[in-house]
Amino acid sequence: MSITVLLGAQWGDEGKGRITDALAAEADLVARFNGGDNAGHSITIGARVVKLHLIPSGILREGCLNVIGNGVVVNPINALREIAEVRAAGVDVSPRRLRISQAAHVILPGHLALDAAREAQGGIGTTKRGIGPAYSDKVARLGVRAGAMADPRAFGEAVRQHTVRVNRLLEAEFDQPPLDADAAAESYAEAAEQLRPFLDNTFQVIHNALRDGLRVLAEGAQATLLDIDHGTYPFVTSSNATVGGVLTGLGVPPQAIRRVIGVCKAFTTRVGGGPFVTELEGELALRLRGTGANPWDEYGTTTGRPRRVGWLDLVALRYAVQLNGITELALTKLDVLCGLNPVRLCTAYRHNGETLTWFPQDSDVLAECAPIYEDLPGWSEDVRNVRRFKDLPVHAQRFVERVESLAGAPVRLISVGPEREQLIWR
Ligand code: IMP
């Protein structure tokens, strides 16, 4: 039994998609275990940028089976749109290659409306994909599971009843006009008709793969600091994006997990609200964010929002390593630091005159923390064509080595550009 887990070690957008894409070459099955189409992976293949929100990145590797696990929430309309888009890029997205768990929960029209209504009243800056309300209904045992799509007519009726219920909430709590419950039922029943062939008992699919000695890659969405339990609550997503989410979101035992790869950028970014100790403003922020001219600049894949940027936070990264049992780190976007001098690493926080080396569990405390930095000399050589660690400028090598010693996990993979081959394996 062998599962490799790949998850975000920061606040998301670490470049998980392209690392999964690289690892998918060595996987037989790639499974998503949490989140929904709030995730966004841009993968650059030659001149083409493929955007994946829900479909596992393994879809771009022939011969790879892809599973949307029970821990995921699925918007059927958006799922079909994404399937069509990926197909348009010439990729086979048939039920032979993609399975959706019957136990995954469905994002319903009422969930989207509630997410938008809450955000309009001053929320946390969600992606407005209905994620929070869908998981709320799951936990409240009011949700509709993907397996219900096997009977599109009954599914449509469940969607209608759900919409009628949410309409009462929308009116009473948010003074919003009601959704058209019949139209919602009809469009969802039509989507169910098309998605039905993709439904499967994914527990069985994954356990068969493990029994047969196939290599399974569990692909995380969002990231450690957005985890509902361990992230910067309430500025988090509504699922477990940490390693525990793999066990519950796929139905696999802990012993099956062999490797946990944490993906982190050489700096930090965050979208949406919430504390961010190493956040930068001004020129330096613009420099790290990029202009938005390139698809890999720091603008949200799902929402297009400019990301907040800052120096690499080792207090947070160490926390992610401990929490997830990260066995190796993939450090992305090392090329972006080129030309900055010094480059800074946040090694501890200052709070009320005290030095904190542990990541606080209370977001209010985190918001009051100031960074304590260690400055390292920068490098000005272009690293984008480097493929071996020893060919990196010596100060870039020192930076990587300092990150691994402070984080407590080795850096095995470094990305130096957006292209598939711009990777350094160690
Ligand atoms: P939600 O997941 O749409 O409910 O949003 C909750 C928080 O998670 C917001 O701060 C979002 O910006 C953030 N978030 C959700 N998905 C992603 C992602 O894929 N990358 C980065 N941030 C995300």
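Just the heavy atoms: all of them, side chains too, but no hydrogens, waters or symmetry mates, feed the values below. First listed ligand is number 1; within each ligand, the first listed atom is number 1.
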Visitor: Hey, which atoms in ligand 1 end up nearer than 4.0 Å to a heavy atom of Ile124?
Guide: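 With Ile124 as reference, the close atoms of ligand 1 come out as 6 (C).
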Visitor: I'd like to check which ligand 1 atoms, numbered from 1 as shown, lie under 4.0 Å from a non-hydrogen atom of Trp11.
Guide: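 In order of numbering, the contacting atoms are 21 (C), 22 (N).
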Visitor: Thinking salt bridges, do Asp21 and Arg420 make one under a 4.0 Å N-O criterion?
Guide: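 Here Asp21 pairs with Arg420 in a salt bridge, since their nearest N and O are under 4.0 Å apart.
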Visitor: Minimum heavy-atom separation for Arg308 to Gly273, with atom names?
Guide: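 Shortest heavy-atom contact: NH1-C, 3.5 Å.
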Visitor: Regarding Asp37 and Asn75, is there a side-chain donor-to-acceptor distance under 3.5 Å anywhere?
Guide: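 Asn75 and Asp37 do not have a side-chain donor-acceptor pair below 3.5 Å.
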Visitor: Using a heavy-atom cut-off of under 4.0 Å, does the side chain or the backbone of Phe235 touch ligand 1, or both, or neither?
Guide: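 The answer is neither; Phe235 stays 4.0 Å or more away.
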Visitor: So which heavy atom in the protein is nearest atom 17 (C) of ligand 1, and how far is it from that ligand atom?
Guide: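 Protein heavy atom with the smallest distance to atom 17 (C) of ligand 1: Gln222 CG, 3.6 Å.
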Visitor: Taking only heavy atoms of Ala39 into account, list the atoms of ligand 1 that are under 4.0 Å away from them.
Guide: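 Counting from 1, the qualifying ligand atoms are 19 (O).
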Visitor: Taking heavy atoms and a distance under 4.0 Å, where does Glu119 meet ligand 1: side chain, backbone, both or neither?
Guide: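 Within the 4.0 Å criterion, Glu119 makes no contact with ligand 1.
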Visitor: My understanding is that only one of Arg32, His41, Lys16 makes a side chain to side chain donor-acceptor pair (under 3.5 Å) with Glu219; could you say which?
Guide: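 Single side chain to side chain donor-acceptor pair (under 3.5 Å) partner of Glu219 among Arg32, His41, Lys16: His41.
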Visitor: Would you mind listing every side chain to side chain donor-acceptor pair (under 3.5 Å) that reaches into residues 265-275, with sequence neighbours excluded?
Guide: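 Applying side chain to side chain donor-acceptor pair (under 3.5 Å) to every pair that reaches into residues 265-275, excluding sequence neighbours, yields Thr232-Arg270, Lys265-Thr269, Lys265-Glu298.
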Visitor: Looking only at the side chains, is there a donor atom on one of Thr202 and Asn70 sitting less than 3.5 Å from an acceptor on the other?
Guide: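 No donor-acceptor contact under 3.5 Å links the two side chains.
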Visitor: So between Asn38, Thr127, Leu225, whose heavy atom ends up nearest atom 18 (C) of ligand 1?
Guide: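 Nearest option to atom 18 (C) of ligand 1, by heavy atoms: Asn38.
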Visitor: Considering only heavy atoms, which of Asp13, Thr126, Asp115 lies nearest to atom 4 (O) of ligand 1?
Guide: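 Minimum heavy-atom distance to atom 4 (O) of ligand 1 goes to Thr126.
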Visitor: Please state which option from Gly125, Gly123, Ala221, Gly272 has its nearest heavy atom closest to atom 11 (C) of ligand 1.
Guide: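 The residue whose heavy atom sits nearest atom 11 (C) of ligand 1 is Gly125.
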Visitor: Quick check: Thr237 and ligand 1, any N/O pair under 3.5 Å apart?
Guide: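 It does: an N or O of Thr237 is found under 3.5 Å from an N or O of ligand 1.
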Visitor: Counting heavy atoms only, which of Asp37, Val271, Val236 is nearest atom 7 (C) of ligand 1?
Guide: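 Residue with the shortest heavy-atom distance to the ligand atom: Val236.
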Visitor: Among all protein heavy atoms, pick out the one at the shortest distance from atom 12 (O) of ligand 1; state its residue, atom name and that distance to 0.1 Å.
Guide: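 Minimum-distance protein heavy atom for atom 12 (O) of ligand 1 reads Arg305 NH2, 3.0 Å.
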Visitor: Measure up the Tyr319 and Phe359 rings against each other and bin them: parallel (under 30°), tilted (30 to 60°), perpendicular (over 60°).
Guide: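 If you compare the ring of Tyr319 with that of Phe359, the planes turn out parallel.
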Visitor: At what distance is the nearest protein heavy atom to atom 23 (C) of ligand 1, and which residue and atom is it?
Guide: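 Protein heavy atom at minimum distance: Leu226 CD1, 3.6 Å.
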Visitor: Backbone N or O of Gly71 within a donor-acceptor pair of the Asn34 side chain at under 3.5 Å?
Guide: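 Checking the backbone N and O of Gly71 against the side chain of Asn34, no donor-acceptor pair under 3.5 Å is found.
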Visitor: Restricting to pairs with a member in residues 403-412, which pass salt bridge (charged side-chain N to carboxylate O under 4.0 Å, His left out), not counting sequence neighbours?
Guide: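 Applying salt bridge (charged side-chain N to carboxylate O under 4.0 Å, His left out) to every pair that reaches into residues 403-412, excluding sequence neighbours, yields Glu404-Arg426.
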Visitor: Going by heavy atoms, is Arg307 under 4.0 Å from ligand 1?
Guide: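 Not so, Arg307 does not reach ligand 1.
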